[in-house]
Structure formats: C-alpha cells, structure tokens
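Notes for the one structure printed next.
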Amino acid sequence: MYEDTDIQKILEKRIVKKDQGYLRMLLGLIILIALLIIFLWATFSSGTDRNKQFNFVLSSFTLIFIYAAFALSLNLEVGYVGLPNFGKIGFVAIGAYTFVILETTQGSNLFVHVFWSVIATLIFGVLMTLPSLRLKEDYFAIVTIVAGEIVRTIVQNEDKFGGTSGINYVNPIFKKYSADSLVKHIFINFTSFLFLLVIVAITVVIAIFQYRGYLKVNSSKRSMVRTLENADKVFLFFMLIGFIMNFAGIMDDGPSLGLDLMLLLTYFSIKIAKATLNMIVSDNKPTTNNVLVGISPLIIPIISIVVFFLLRFSKGDTVSIISTPKWYTAILSMSIMLIAYEVMNIMDISPLGRTLKAIRDDDTSAVSVGKGLLINRLKGFVVASFVIGFVAPFFVFFNAGVTPETYLPLLTFILYIMIIIGGTANNRGVVFGAVTIELLILTAQRLQSVNNAFIQNLSYPWGQKVDPVNWAYIITGVLLIVFLIFAPEGFFPERKYNNDRYLDDLYLADRDDDIDKSKFLSMLAKASKSSLIYGEPKEEIPSNFFSNLLDQVKNKFKGGSENE
Amino acid sequence: MSDIIFEAENIHKYFGGVKALQGATVLVEKGKLTSLIGPNGSGKSTFFNVITGFLKAEENSGKIIFKKHNIKNLPPEYIPWLGMVRTFQHTRNFPQMTVLENMLVSPKKQVGESLIWSFLAKPIWQREDAVNVKKALQILDFLEIAHVMDHLASELSGGQQKLLAIGRLLMTAPSLLLLDEPVAGVNPTLANKIFDQIINLKEKQGIDVLLIEHNMDVVMSFSDHIFVMAEGRVIAEGDPSSIQKDKKVLDAYLGESPDEA
Ligand SMILES: Nc1ncnc2c1ncn2[C@@H]1O[C@H](COP(=O)(O)OP(=O)(O)OP(=O)(O)O)[C@@H](O)[C@H]1O
Ligand SMILES: [Mg+2]
C-alpha cells in the first residue's frame, strides 16, 4: 500500500528547517584569529632568541593538535555514545606507558609498539564499557574517574613504571637525525615538486572519474561538491605518504620543508574549494557555516607560511633557525589529528553513528528496535580508544617521556571544556574548541614573559602583579559556566534539522543494477553481506561468536530489573 | 493450531510485594486484531514489558512462544529481530534527531552499523540508506507526518510523536506490533484515523497487532478478539460482543455488579 506512493510528491510536502547560529560561529572564529595574533605577537616579542621563539610556536601547535585528537576521541564517547568518560587521561596513560615501557625494554620498534599501545588502550576501553550496563550516567562518570586515577596511582608507585620521576624517552628519529640534517631544503626541490605533481594528478584523475559518475544523476555543481568531498580524503592519504617519504629521506637527498607546506596548502585548498562550492550550490542549506568552517583550517598553513617568510627575510641564519625537528612533530601531530578527524567524520555520518546517537537519546527505545546497548557502546569505545592508543605515543614524543603528573585528571577536564565550548557532537566544533582553549592557555604563558612594558607593569589596585596564566584559567572557567548556562550546544552546535544528506542520495535507491554492473561494488556488497543482494534479513536471532560471548558477559552484569 | 503466532502462558511478575502479573495467559491469532483491556494497574504494560524481554518473568512462569521461538529468556534487543516490536505507553522516540533519522535507526542488519564496514563499505551503506530513506518517506506519508520530516522528534506534537513511534516500528519490517495505548491523549478524529491505519496495516501488510487500549468504543469496534485483565490475571476473553455481556468484566471495571449490562 505505501510502497507505491510517489516520492516526488512526498518531498513537495516538506517543510525545510534551517540551522541557525552562523553569527555564533563567526564570533568564535574572530575570537580564534584574535587569539592567534596575540599568541604570535607575545611569542615573538618575548626574549630575543628567534630559535627559541620558533620552537615554542611549533611545539605549541604540536600540543594543540594532540589535544584536538584527544578531544575528538572524547567527543565520540560523550557526544555520540553518550557515556561521560571522566577518566580519559587514564586511557592516554595506558597507551603512553605501554609504548614507553616496550620501547625502553624491547628496543626501539615504533610501528610494533604503537600497535601494542593501541591494543592496550582498546582492552582498557572495552573493560570500561562494561560497567555502563548497570550504572546510570553519573555513577559511570565516577567509575571512570576512579579508573583513571587508579592507573596514575599505580604507575606513580610502581618502580617498574618509573615511579614519580617517570621514564625518559627521546624520539629515536631525533636521535637519528641531527637538527640541521632534518631540513635540508627550505624551498621545494625538483624531486619533491615532481612528487607533488604526481599525487595531484592522481587525485584529479580519481576525481574526474567520480565526477562523471555523479554527473549522470546530479547537476554539475552538485556533482562537483560530491567529488571534492571524496577528493580531500584521497589527497589526505597521499599527503600522509608524502610526509613519511619526505621524512624518511626517500624523496631526495634530504627532507624538504617546502614539500610539507605545499602538501598542506593543497589539502586545505581542496577543503576550501569544497566549502565555497557548497555555498554556491546549495539553495536551502545553511551556507555561511560551510564557508566559515571551510576557511578556518587555512589559518594553520597561512600562519606557518607567514612565519616562514618572516624568518626567511629577517636577519640571522634562517636555515639554522628553521632546521628544527619540531617541524616534524608539528606536522606529524597535525596529520594524526586529521586522520582522527576523518575517522570521527565517518562515525558522524555512518549508520553506526546514527545508532549511537539513538542510544544516547533514548537507550530503551533503541533496544526496542533491536539495537543492543553493549555491542554498540563497545563499538564507539573501541574507535575512541583506538584513536587514543594511536595518538598517545605522539604525546610521549612531545613530552620526551612519561611522568605521572602529566596524567592528572585536570587534563580530562580541559578536554571537556574544549568539547563543551566547541560544540558537543560536532567534530569541527571540537577541533575549534581544542585550538581555542589551548591557545588561550599558551598565550597566557607567553604573556608572562613578553617584552612589553604595559603588560609587564599591569597590576591590581592593591599592588599585586597580574598573572596572565591565572587569568587564562579564570576565563576558561567563566566561559565554561557561561556556555553551560546560556549555550550548552557550544560555538558549533550539533548539526540537526538537516536531511539533505539523505535526500541527495535518494537517487541511489532506484539504481539496483549498479551493484551488478560494478565488480567492485558487488564484491563489497557480498563481503559485507548487504541486504541489497541478500534481501531482507531473515527473522532469526542473530548468533555469532561475539554476540554469544557478549550475552554471557551481560548476564553477569545485568541486574534483574530494568524499567521501561 | 498453526495460526497462533504468539502465545504467553501463565506469566508471573512480582515487584517485591506487588504481584503485577499472576498467571496471565494471552494468545494472538494470525489475522485477528487482539486487544488487551483492563482497569488501571491491572498489569497490561507489565505484561508487554515481560514478553518483550525488558523485564524478566518469574521462575514459575510458563512459556512465551513467538513464531515457534521460545523467547522467554531472550535479551530485549533480540526480540525485534524475530519480528515482534512494541511501543511504550509514554512515547519514546529519539528526541535530538530528525524525524527521518528516527526512522532510519530501525532497519535491522545495516551494513553501516558494523564497525569495519562503516569505514570500508561506504558505497554500500549509502545505497542501503537510500533504499531505507525511500521506504521511510513512504511510511511517513502513510502516517501523514511526512511534512515534518526535517523537524526534531522532540518538536512534534504528542499525537505526531505517537505516529512516529509506530512509523519507527514499521521500519523494522515487523510481523507483530504490540501497541501500548497508541491513541491515549490523541484527539478523537486523529485517533480514528490512526485506527483506520492500524487496520490497514493488518489487512494490506499482513501485520498482526496486539493492542492495549482504554477507549472502549474503539476497542469494541475494531477488535476481533479481546482479553480482559484484572489484578494480573486474564479474567475473560472472547469477541467484543461476548465481552460486553460478561459480568466479570463489569465487576472488574466498576467494582460491583450492576443490574443490567
Ligand atoms: N517498575 C515497577 N516497580 C514496581 N511496581 C511496578 C512497576 N511497574 C509496574 N508496577 C506495578 O504493577 C502494577 C501493574 O502496572 P502496569 O503498568 O502494568 O498497569 P497497566 O495495566 O498498564 O495500567 P494502565 O492502564 O494505567 O497503564 C501496578 O500496580 C504498578 O504499580
Ligand atoms: Mg499501562
């Protein structure tokens, strides 16, 4: 009966609702840019050692990107899975300590030990999900906070784990390269340029291929947007390969900073093109949003390049100033943040993310349509822990080792502030929040030692000197309270009211022969046991090894009464 | 008897001292709209909660059979997989998601819900989503709430929310709907419309319905078979006309026996 209704007629009835609040985003971006300017000014006008200033900028950004990756992971748990994990820093500690201990006892083997760090964090994540079945949110939060503290207390008191002083660890890459062999070329050299051309060409070819496909059913502009949506991911993949090759010195006689910057610039250009086009194409979409957000990441390469040219044409030996391994930690941490971001984006748009949000909204209702709580929460926690386990070793690089006091609960709370102010369940917002809050704190640190009479002499009426760092924490705290009361959804609210994503893809529903025609698609559909080729799922109890195992665990954990 | 699709025998459920169910037995026959009525607190909702696994039946309960599967100790999330789905007395949707997204949560075995395939098989789950969106739009249109597909579920009116809850169930391709007061608080015109649609579902889609309802006019005119519960027991069953004449039923509702029915 309802199967025959004409879809087009239904769509005509639609009352489109628009997302509001671009002004808030704009305000956020202005604040961010202002902070950036103050930060750079404060850094470059404190002290006279260019080398030191430059290193500070780079390590600041390294830290910011690492925190952004942490915040993205926490956001998955809090914003999507809906479980308040207040022991996030415990997860980081598990990953970091696993990595360092293996590295120092087993000999350096980065890839293998990052893998074990991921595994250790995953196991911890799975264990931490189990109590969520019996505990209400607030009690779950208490359990996680305790778990995080237990981890810290253990490593602090156990000599095997370095005790209070921790374990020192120097990134073996830094050991291998002396500083000035790290950046051999400031500008891009021939081989690197060739490489850049090749990967741009590959991306373009893939894009044209996809564009043709989209063009069959979409307008040319919309096909373009669709194509660019994939193009940035394709390019990200090649960009990462480029970073690694450049870093390993495969490209030419030495790493070239120019290549890395050009790669970043190309990557962000694609993102900006996508956002701009999106604005032109969409007639009923919130548009300013896309442009603002599309342009915002450009801040990073622009800053790098401005700083770079400033140094290039300032007096002194530029090559020695710029030849710092910190470039690589910064670029590496940026890359992993971008990977984390793309992972979280897939979680955002995929049916898995949708199911997680449903469970967050109303778990009983989700169960009543057949969505298991434990299995889905585990999926969310597995992805979140995976990201943490992957990023934790980079945090170790940054800290040059591990010490228990790096893993105080305060860090978890700062991550929370980042996601609340940025926007829970909005990945772009989370990155924004992470950059803004951490930049605020770092700027304050720089302002303490800035060569500026006004700021140095700033004091309270009762004569005490003003400490910018205290103020950074006060501002953060006040911001948190203001946001929780007046705008709990943050600078970048969770995207709601928007079904365009689904309706744009609606044409796919009538293209049944696609799968038969394309070998790749039919292979994928078979491998994933899609209902597209196997038909409606049978009415049967799902049974496989994992769900049976889970049931047993669950029976142990589950109490008798679960009210409706 | 092969045309019985659901059977719950001698179900007990106690909340401490409160004996909410004391040996309730209910059968649903294929093709018959079955209703469950009874005074407030007689254990109807508790019965739903027990048979859908949200509450555990007491040890001394009999079997619960749905389509030849024994579902007595099954976790609640597995029961929809067999084709039996329920609404809640207090409507529960996913308030922070759009109406369309609410509908898209329901389908079983979506490729994109798997941890690995959500990352690796995007073209496949995009296509699955498209098929589901199409179906969702048609169901929304059928329930006459297609125009609000872009609203958040929490922004719908009470009646629309009830419709959405039914729509979400239809997305699971069910064979038995358990509806707990689907029209409580809905205006009579819309209530009648909803019932017409429920009848439609039964007749055209072959979806069976077990209904809890307090509105006697509606129950008597739409049901094929009625179970009357009081104090956790089924005190009478039969077709509407025989129930209307049953003295025990009137006793249960009014607490005394009137002179004439
Ligand atoms: N979670 C619970 N804990 C304790 N007692 C409960 C619980 N749920 C229900 N009860 C009790 O069980 C009895 C039956 O309740 P139930 O909700 O099944 O009634 P009902 O028939 O659905 O009534 P109504 O028509 O008002 O919805 C009531 O006495 C109620 O107080
Ligand atoms: Mg009830």
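Side chains included, hydrogens not; waters and symmetry mates left out as well; all remaining heavy atoms used. Chain letters run A, B, ... following the sequence lines, proteins first, then strands; residues in each count from 1.
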Original post:
Of the backbone (N, CA, C, O) and the side chain (C-beta and beyond), which part of Val343(A) lies under 4.5 Å from a heavy atom of chain B, both, or neither?
Top reply: both

**OP:** Quick one: do Asn132(B) and Tyr502(A) satisfy side chain to side chain contact (heavy atoms under 4.5 Å, CB included)? Show the steps, please.
**Re:** CA-CA 10 Å; Asn132(B) 290 335; Tyr502(A) 298 112; over 6 Å; no

Original post:
Can you tell me if Asn499(A) uses its side chain to pair, donor with acceptor, with the backbone of Met149(B) under 3.5 Å?
Top reply: yes

Original post:
Would you call Arg92(B)-Asp363(A) a salt bridge at under 4.0 Å N-O?
Top reply: no

Original post:
Does a donor on one side chain sit under 3.5 Å from an acceptor on the other, for Gln96(B) and Arg360(A)?
Top reply: no

Subject >> Per-residue contact mode, Ala527(A) against chain B (heavy atom under 4.5 angstrom) >> reply: both

Original post:
For Ile7(A), is it the side chain, the backbone, both or neither that has a heavy atom under 4.5 Å from a heavy atom of chain B?
Top reply: side chain

**OP:** Taking only Lys NZ, Arg NE, NH1 and NH2, and the carboxylate oxygens of Asp or Glu, determine whether Asp141(B) and Lys13(A) approach each other closer than 4.0 Å.
**Re:** yes

**OP:** Sort Thr52(B) into side chain, backbone, both or neither according to what part of it lies under 4.5 angstrom from a heavy atom of chain A.
**Re:** neither

Subject >> chain B contact via Leu503(A) - which portion, at a heavy-atom distance below 4.5 Å >> reply: side chain

Subject >> Heavy-atom pair count under 4.5 Å with chain B, highest-scoring of Ile10(A), Val383(A), Ile359(A) >> reply: Ile10(A)

Original post:
Contact part of Ile346(A) toward chain B, heavy-atom cut-off under 4.5 Å: side chain, backbone, both or neither?
Top reply: side chain

Original post:
Any ion pair linking Glu113(B) and Lys371(A) (charged N to carboxylate O, less than 4.0 Å)?
Top reply: yes

Original post:
Do Ser531(A) and Lys109(B) have side-chain heavy atoms sitting under 4.5 Å apart?
Top reply: no

**OP:** Kindly determine whether Asn93(B) and Asp362(A) satisfy side chain to side chain contact (heavy atoms under 4.5 Å, CB included), including the steps that lead there.
**Re:** CA-CA 7 Å; Asn93(B) 295 315; Asp362(A) 191 328; over 6 Å; no

Original post:
For the candidates Ile349(A), Leu378(A), Val382(A), which exhibits the highest count of non-hydrogen atom pairs separated by less than 4.5 Å from chain B?
Top reply: Ile349(A)

Original post:
Is there a side-chain contact between Leu521(A) and Arg127(B) (heavy atoms, below 4.5 Å)?
Top reply: yes

Original post:
If you count heavy-atom pairs under 4.5 Å between each of Ala525(A), Gly380(A), Ser528(A), Gly353(A) and chain B, which one has the most?
Top reply: Ser528(A)

**OP:** Return yes if some donor-acceptor pair links the side-chain N/O of Trp125(B) with the main-chain N/O of Ser350(A) below 3.5 Å, else return no.
**Re:** no

**OP:** Check the side chains of Arg168(B) and Ser365(A) for a donor-acceptor pair under 3.5 angstrom, ignoring hydrogens and angles.
**Re:** yes

